[in-house]
Amino acid sequence: MISNQSTHAGLLKELPTRTISPPLYRASTVLFDSYEDLKAADAGVYNGVTYGTDRLPTQRALERAMCELEGGALTRAFQSGIAAIIGVLLAFTKQGDHILLCDNVYGPSRAFSTNILAKFGIDVGFVPSTVGSDIEGYLKPNTRLILLESPGSNTFELQDIRAVSEIARSRGIVTVVDNTWATPLYMDPFALGADVSIHAASKYIAGYSDVLLGTVTVTEAYAAEFDRYYKMTESFAPSEDCYQALRGLNSLRVRLRQHESAALMLATWLSGHQCVDRVLHPAIPEHPEHALWKRDFTGSSGLFAFTLKSEPSAEKLAAFANGLEMFGIGYSWGGFKSLMVAGRHARSLPSRYAGQTVVRLSIGLEEPERLREDLDRGLLRLR
Ligand SMILES: *Cc1c(COP(=O)(O)O)cnc(C)c1O
């Protein structure tokens with residue numbers, strides 16, 4: 001049996017090993033070279049990593065990669081996409097503030113705001129899913145933050161980020177964009193004037209449905225404030241997940257191209273299908289905000305939805321879903337496996353699709369023609 005002592009000594013004698021991917025660091029404790037370094041860490045002036053929650057090198061490598069890709073000033077990683085959103089909401093608000101969320105925002109973002117932020121005396125309001133310069137009418141003197149998600153990941157309405165952020169900036173309001181759908185490759189929120197860009201890296205960035213991770217990137221104006229919040233909460237993202245997300249970033253461009261072309265083929269086919277009412281995909285010309293998509297985006301990803309000409313019974317909808325051979329039934333999206341969710345859009349939510357069944361598809365990396373055949377057979381079961 002090897003004692004810990006000798007294992008450790010052996011490791012230290014090894015030559016540095018050069019690998020293409022960065023090493024995976026796991027740690028609570030990080031050793032200081034000297035007592036003087038410890039004292040520098042105590043005083044907050046140490047240059048290196050002080051502890052596991054101080055963002056280990058694997059996490060820092062991912063943050064650097066995302067920051068460069070997004071063209072921001074500072075990126076911090078979180079243990080999930082929703083943790084990243086919650087981090088942003090808490091970092092930039094205080095008691096007595098008013099915030100605005102777009103109506104089509106990710107459900108848990110809405111739930112956190114109305115259930116938890118409201119509890120701390122934050123006034124939470126909503127703006128239409130297609131808001132633009134009409135944001136003006138929703139602002140209050142104490143509005144501090146606007147959370148946009150364009151397109152919203154269930155009903156795919158777009159906001160005019162440029163118009164909203166221009167008005168917001170003139171009043172010192174933080175414009176936040178959840179940019180998960182487009183990834184950093186297909187839309188640049190900072191070029192449109194936003195201050196904060198959020199990604200659920202669990203989706204396309206990690207790409208294999210086996211990672212939960214989120215990132216937040218901010219402009220220079222908000223870097224110090226956000227860095228301080230992150231330090232104070234001692235948030236961190238697990239090294240393994242940062243490592244997987246870094247691997248995902250290396251293939252993001254080619255994967256997205258496939259997601260994009262397969263989804264466009266299927267969306268176009270569905271828009272001509274006799275059972276389908278509307279296809280909710282911003283890159284399809286019939287989409288109501290198609291012009292906005294063309295102005296602001298350089299591509300589209302693999303997530304879209306459709307509505308049906310006649311409302312299916314619950315039994316028929318179940319038969320449609322259960323009979324699919326290529327599509328898994330499950331939350332989340334952006335992975336290699338195609339997924340579906342479906343449900344009647346709540347009548348209580350202001351939406352074009354209120355009361356209608358929305359079938360959402362995440363198009364994976366399978367042979368597109370096989371996906372089409374599977375959907376074709378599925379739609380027969382809906383009739
Ligand atoms: C999935 C999702 C999130 C949350 O990401 P998790 O990592 O699953 O917590 C946030 N925003 C959007 C638009 C999403 O689709």
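One-based numbering, in listed order, for ligands and for the atoms of each.
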Atom pairs and distances, ligand 1 N/O vs protein N/O under 3.5 Å:
| residue | atom | partner | partner atom | Å |
| --- | --- | --- | --- | --- |
| ligand 1 | 7 (O) | G81 | N | 2.7 |
| ligand 1 | 7 (O) | S202 | OG | 2.5 |
| ligand 1 | 9 (O) | G81 | N | 3.2 |
| ligand 1 | 9 (O) | I82 | N | 2.9 |
| ligand 1 | 11 (N) | D178 | OD2 | 2.6 |
| ligand 1 | 15 (O) | K203 | NZ | 2.6 |
| ligand 1 | 15 (O) | W333 | NE1 | 3.1 |

For this session: Say whether T233 and S235, considering side chains only, have a donor N or O and an acceptor N or O under 3.5 Å apart.
Result: yes
For this session: Determine, for Y229 and K94, whether the Lys NZ or Arg CZ falls below 6.0 Å from the six-membered ring centre while staying within 45 degrees of the axis.
Result: no
Exercise. Less than 4.5 Å apart, any side-chain heavy atom of L185 and any of T298?
Worked result: no
For this session: Would you check if the distance from the ring center of H281 to the ring center of F156 is below 6.0 Å?
Result: no
For this session: Before accepting this row, confirm whether a basic side-chain N of the pair D123/K140 lies closer than 4.0 Å to the acidic partner's carboxylate O.
Result: yes
Problem set entry | Salt-bridge criterion met for E136 and R171 (N-O under 4.0 Å) | yes
